[in-house]
Amino acid sequence: MNIFGIGLPEMAVILVVALLIFGPKKLPEIGRSLGKALKGFQEASKEFENEFKREAQQLEEPSKIKPDSHSTVAARSKEE
């Protein structure tokens, strides 16, 4: 098991040190806030990626210019 380049023994040492520093009552609260922060970061990065893809698709599509109906009416009235 290798998460972020940290193996199981290193994770155990980090957990023991965190338990000694923060205590057993504070550790779950810290873990919860860290999890919420990571989830928020993931959601923001997905939203950014989707927005980037949407903008790239809009740039790839050829722009369709619609003729202005008012200009043709004005041109017809001048001809009459």
query = About how many Å separate NZ of K53 and CD of E51, when rounded to the nearest 0.5 Å?
reply =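 The distance works out to 12.5 Å.
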inquiry  = Measuring from atom CD of Q42 to atom NZ of K39, what distance do you get when rounded to the nearest 0.5 angstrom?
reply    =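 Atom-to-atom, Q42:CD and K39:NZ are 9.5 Å apart.
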inquiry  = Out of the candidates I14, V13, L19, L20, only one should pair with V16 under the side chain to side chain contact (heavy atoms under 4.5 Å, CB included) rule; please name it.
reply    =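 So, applying the side chain to side chain contact (heavy atoms under 4.5 Å, CB included) to V16 and each of I14, V13, L19, L20, only L20 qualifies.
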query = Can you get from L34 to F22 by hopping between Ile, Leu, Val, Met, Phe, Trp and Tyr side chains that sit under 4.5 Å apart?
reply =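 No, separate clusters.
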task = Run the salt-bridge test on K46 and E49 with the 4.0 Å N-O cut-off and return the result as yes or no.
result =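 Here K46 does not pair with E49 in a salt bridge, since their nearest N and O are not under 4.0 Å apart.
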inquiry  = If you apply the rule side chain to side chain contact (heavy atoms under 4.5 Å, CB included), what do you find for M11 with L15, and how did you get there?
reply    = CA-CA 6 Å; M11 285 170 61; L15 182 62; over 6 Å; no
Neighbour count >12 (heavy atoms, 6.0 Å) for atom CD, E47 =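 Incorrect, the count does not exceed 12.
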request  = Check whether any side-chain heavy atom of E55 sits under 4.5 Å from a side-chain heavy atom of L59, and report yes or no.
outcome  =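 Not touching, per the 4.5 Å side-chain cut-off.
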Exercise: identify the closest heavy-atom pair between A18 and L27 =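 Looking at all heavy atoms of both residues, the closest pair is CB-CD1, 3.9 Å.
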